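Okay, structure first, notes after.
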Amino acid sequence: MTAVLRNEPFDPWHELARVEASLDKGKHGACASFVGTMRDFNLGDDIHSMSLEHYPEMTQRFLDNICDQALQRWQLSHCLIIHRFGEIKPGEPIVLTAAWSGHRAEAFEACRFLIEELKARAPFWKKETTATGKRWVHDSADK
Amino acid sequence: MTAVLRNEPFDPWHELARVEASLDKGKHGACASFVGTMRDFNLGDDIHSMSLEHYPEMTQRFLDNICDQALQRWQLSHCLIIHRFGEIKPGEPIVLTAAWSGHRAEAFEACRFLIEELKARAPFWKKETTATGKRWVHDSADK
Amino acid sequence: MQLNVKFFASLSEQTGLKEVTIDAVKAATVMDVWNQATTNMPMPENTLCAINMAYARPDDSINDGDEIAFFPPVTGG
Amino acid sequence: MQLNVKFFASLSEQTGLKEVTIDAVKAATVMDVWNQATTNMPMPENTLCAINMAYARPDDSINDGDEIAFFPPVTGG
């Protein structure tokens, strides 16, 4: 289980391949993953860039904790969270969650749990830069 | 939208990266994906290899059809299915389903729909080779 | 009428048939095709049928030139 | 008692505070810490609080050495 905070762009598929290579081949049958990517539009405006603030120690603790919860709740061989912070450009991945399991229902449920918990409660705050200035993002309920 | 049948091993993460690179950057916010991998055990036996038979034209038609259904039912920018056939070794990916959308709920639901429909009704049949011989797999209901 | 009939996986092994073309004089339904192609072998429980690559039921009617397929429950993914 | 108090995102901009250490003589709850640190600025609706990096409520009591944090609704992922 790994939860990682990154202040530089990451390639989610490369990260998934790396984790996959480290797992026992042939032991897990299912991997569900989710990648959230920065869009170049929001509320009708073009977004030029985004600054993602976080509460470092609490964020790490929170992400570690939801990984622990997922491992207790479902039979998983591994789970992974990677989340950006700092300056982010449109098209760059912001978050990756993934869960490996023997069964697809558990992999899907755990992967979904990780992103839903993270979205609902992990201490991150987005500030967008548009043509007319900077603004804090408010719609955390966005699905 | 793409549904592809392959008789050779494929790297799901490489395939996802390729599709991602072909999509409009910054337009989709969410990608959910699922990878099913061949396990080296089933029903208490070691599995040495597996032969995956299919009904080629019907399989292709079926997979194209569930992609179409997904695109009609959810707002997706793209969806992808890759499925192996032929001789498969433990640890090799068998299936990949993925959906790209503006919103994570739609991406998850569509990705899950694709794999559930495929599992329930796509004309594929697995034959396992164990230490004591070959046998057809019966547990299609496996989750 | 001419029909192309296919059998897959364990059903192909059980019937000893893979792909046959039959001249179905009296066949009106998918079940009739099974009976003629297998010379009245009992159809195993859970057998799935397709007409022209779309799922069908044993009592669905068939037309000249159709491709009829029989196969066991699927196990892909 | 000594408390480390942190403010994040829009709440940091609104209070003009980022990280302060206060000597909380009369502070018994998270709300008391807010009032002392901001000199009684009204707490914005939806403000979230944490004690030692775990979510807490404004009426939760605090202890010497605690790290208290205030922040707006989260928008990660």
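None of the values given here were measured: they were computed from a predicted structure. Lettering follows sequence order; numbering is per chain, from 1.
A donor-acceptor pair under 3.5 Å links the side-chain atoms of B/R39 to the main chain of A/G102, judged by distance alone.
With a threshold of 4.5 angstrom between heavy atoms, B/E15 does not approach chain A through any atom at all.
Among A/G36, A/C31, A/S101, A/P12, the residue with the largest count of heavy-atom pairs under 4.5 Å with chain B is A/C31. Contact count versus chain B (heavy atoms, under 4.5 Å) is highest, among A/S33, A/P90, A/A32, for A/S33. In terms of heavy-atom pairs under 4.5 angstrom with chain A, the leader among B/W100, B/F34, B/F41 is B/F34. Ranking B/G91, B/A98, B/G29 against chain A, the residue ahead of the rest is B/G29, based on heavy-atom pairs under 4.5 Å. Of the listed residues (A/I94, A/V95, A/T37), the one with the most heavy-atom contacts under 4.5 Å to chain B is A/T37.
Side-chain contact, B/Q60 with B/D64: a donor N or O sits under 3.5 Å from an acceptor N or O. With hydrogens and angles left out, the side-chain atoms of B/E20 and B/H28 include a donor and acceptor closer than 3.5 Å.
Of all the heavy atoms in A/L76 and A/E106, the pair that sits closest is CD2-O, 4.1 Å. When all heavy atoms of B/R84 and B/P93 are compared, the closest pair comes out as CG-O, 3.4 Å.
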